[in-house]
Amino acid sequence: MSRKVLLANAHVEGIQSYEVYRKNGGYRSVEKALKSMTPDEVVEEVKKSGLRGRGGAGFPTGMKWSFLAKPEGVPRYLLCNADESEPGTFKDRFLMEKIPHLLIEGMITSSFALGANTSYIYIRGEYSWIVRILERAIAEAYAAGWLGKNILGTGYNLDLYVSPGAGAYICGEETALIESLEGKRGNPRVKPPFPAVKGLWQSPTVVNNVETIAAVVPIINDGGEEYAKIGIGRSTGTKLISACGNINKPGVYEIELGVPVEEFLYSDQYCGGIKNGKKLKALVAGGSSVPILPHFLITKTAAGESRVMTYESLADGGFVSGTMLGSGGFIVYDEDQCIVRNTWNFSRFYHHESCGQCSPCREGTAWLEKVLWRLENGQGKLSDIDMLVDISKKIEGNTICPLGDAAAWPVAAAVRHFREEFEWHVNEPKACMERNYGLITEPVATV
Amino acid sequence: MTHSTDATPFQFSEGALAEIRTLMQKFPEGRHKSAILRTLHLAQEENNGWLSIAAMDQVAQALSITPIEVYEVATFYSMYNLAPVGKYVLEFCHTGPCAIEGAERIVAYAQQKLGIRTGETTQDGMFTIKEVECLGACGYAPMMQVGEFYHEHLTEAKIDQFIDNCRAGNINKGTWRMH
Ligand SMILES: Cc1cc2nc3c(=O)[nH]c(=O)nc-3n(C[C@H](O)[C@H](O)[C@H](O)COP(=O)(O)O)c2cc1C
Ligand code: SF4
Ligand code: FES
């Protein structure tokens, strides 16, 4: 179970360059799509593949593409979301650094499928060296005739540009990304209208994550059905997981969806187990926005079944005992880590990154940060714990974009699973300040 | 960061102006406002690492937009400095994954070594410390960004060495220029 379809060639010497990439089978998907398929046939293959968006939400890509409005005489745009700012996530960076032409190739094939003649890669501004890597790859692709006018003599034209941001997590949200690309503040738009109808410059637009677009390459090369054979059920294909925290082997791994969490966490092929011989305390499986789980709910579901790395299995138990695959940011906490402190840290992040348009998010994230800070610093009250839950409920579902939910859920989950530790912070502030955290015990009765 | 009212004039170099014209061509007719973020990066680079009112006004002029459109954008994004900074801006990530791998300890060490707090600049104008949110290097924590480059797996010894190298003029910050 370790087939690679994105990173198979990532370690080939010189694969960053066009020549080596091409010699290793690069740009075949463009040839195939442009010369022997109609745009709709490409969309059809992507539908068959079962590919789901790798940016976090997991929405079926083929379906998203088929929603794209196609009014006569109006340009359509494909935007690649390379904003990658979700704490714990560093996979898109890896892909773009190691094998940039894979993204360029995916952009061409996908743009063709959508009928876009101008496409942009919106990348977070801090990745400025990757901007350079991508622009070099794009220049090579133009020189070799894969971009520009009348590509491969088929009459299809495509211009591809990289457009960097300037530091704002919210610009990863697709409508904020569009605003930012239009040269404005990254304030998310009220939906509807959805980008598929009115996106960039009011034209129909598709926004897809880097990894999603890269996956289109193997899907077109080998066929959607072949891709769908990888994985389990509705979780088809491979997923890049960026593993970090207290593990022996942090890094980016391409897994076949369906690998058991236990294997991913402990096998030497992947994370290599917890660092310094410590015990696992908690885990965030899909970036800071997904619910944190205590050690006893990670490798097994509440019903005692083995948890595997798929959208469905990680979500098993819903918000009571499950979590989400999210962006693939896998953050591991050992027994010494403080959940209250970590929750405060993430709340500070969401407060800082809130664009400020909606009161529940702007004010609520500030409150969460403040209350968590006083709990962490030995100044909390027991009633603060319920207040946290109350604040998160008031944010959830009441905002323009999902950043509000992303800020609320992790706090609610931390309190749900680690209430003892929050109470301990109130009752034993001194001991907590000395940072002797310890493992919480498994509750006897499940809620 | 509070806004500086420093009134030193600013002028883009010829090279930057040519580059801005190229940037504008990446967007359709009439959509050149989209070049603003990168133009602001260039302005910051040519204004000692921060955006003065004069620099932002030149951005407005170069893109034929109003100054308020530029201020609106410049105040939204965290990579823009709205007050003077040191020659080397040490941007430490302090978000969860870095924090559990010792980011707090590393920031405290740098603060103590340089005798400044986060947001401050050393008296010789060499160093500024900033704390920033996750930079996509969580697996290589703790980390900081200086100019264009990431410095990962930081230790106290690496901070010492880095600061020595800056003082000796051996650190290349990189550039926002296209190649
Ligand atoms: C606050 C917020 C931040 C987001 N950040 C990112 C991001 O950095 N990268 C990304 O691909 N998607 C991000 N998303 C999801 C995008 O809005 C969008 O769903 C995604 O780019 C769609 O691509 P996909 O279908 O290929 O996953 C974010 C969403 C929210 C609400
Ligand atoms: S939920 Fe938060 S980030 Fe999203 S639009 Fe509202 S204020 Fe902005
Ligand atoms: S948490 Fe520091 S780089 Fe992600």
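Within every chain, numbering begins at 1; the chains are lettered A, B, ... in the order of the sequence lines, protein sequences first and strands thereafter.
For the options Gly245(A), Cys171(A), Pro250(A), heavy-atom pairs under 4.5 Å to chain B are most numerous at Gly245(A). Comparing Gly88(A), Ser163(A), Gly186(A) by heavy-atom pairs within less than 4.5 Å of chain B, the highest count is held by Gly186(A). Chain B forms the most heavy-atom pairs under 4.5 Å with one residue out of Thr89(A), Leu181(A), Val332(A), Asn342(A), and that residue is Leu181(A). With respect to chain B, the highest number of heavy-atom pairs below 4.5 Å among His352(A), Arg348(A), Lys184(A) belongs to Arg348(A). Put simply, of Gly125(A), Ala168(A), Ala243(A), the one with the most heavy-atom pairs under 4.5 Å next to chain B is Gly125(A).
Heavy atoms of Ala137(B) lying under 4.5 Å from chain A belong to its backbone as well as its side chain. Glu148(B) touches chain A through backbone and side chain together, each having a heavy atom under 4.5 Å away. Proximity to chain B (any heavy atom under 4.5 Å) is shown, for Asn246(A), by both the backbone and the side chain. For Gln44(B), no part lies under 4.5 angstrom from a heavy atom of chain A. Contact annotation for Phe94(A): only side-chain heavy atoms (C-beta onward) come within less than 4.5 Å of a heavy atom of chain B.
In this structure a side-chain-to-backbone donor-acceptor pair under 3.5 Å is missing from Tyr140(B) to Gly251(A). With Glu72(B) contributing its side chain and Arg185(A) its backbone, the two residues share no donor-acceptor pair below 3.5 Å. Using a distance-only test at 3.5 Å, with no hydrogens or angles considered, a donor-acceptor pair links the side chain of Asn345(A) to the main chain of His94(B).
Lys275(A) places a side-chain heavy atom less than 4.5 Å from the side chain of Glu101(B). Tyr77(B) is listed as a side-chain neighbour of Ser180(A), based on a closest heavy-atom distance under 4.5 Å.
A salt bridge does not link Glu126(A) to Lys130(B): none of the charged nitrogens lies less than 4.0 Å from a carboxylate oxygen. Glu179(A) has no carboxylate O lying under 4.0 Å from a charged side-chain N of Lys33(B), or vice versa, which leaves the two without a salt bridge. Of the charged side-chain nitrogens involved, at least one lies within less than 4.0 Å of a carboxylate oxygen, so that Arg93(A) and Glu152(B) count as a salt-bridged pair.
Aromatic ring orientation, Trp201(A) versus Phe27(B): perpendicular (interplanar angle above 60°, classes split at 30° and 60°).
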Exercise for review: For the pair Leu37(B) and Tyr122(A), evaluate side-chain contact (heavy atoms from CB on, under 4.5 Å) and give the outcome as yes or no after the intermediate values.
Suggested key: CA-CA 11 Å; Leu37(B) 296 183; Tyr122(A) 181 93; 4.2 Å; yes

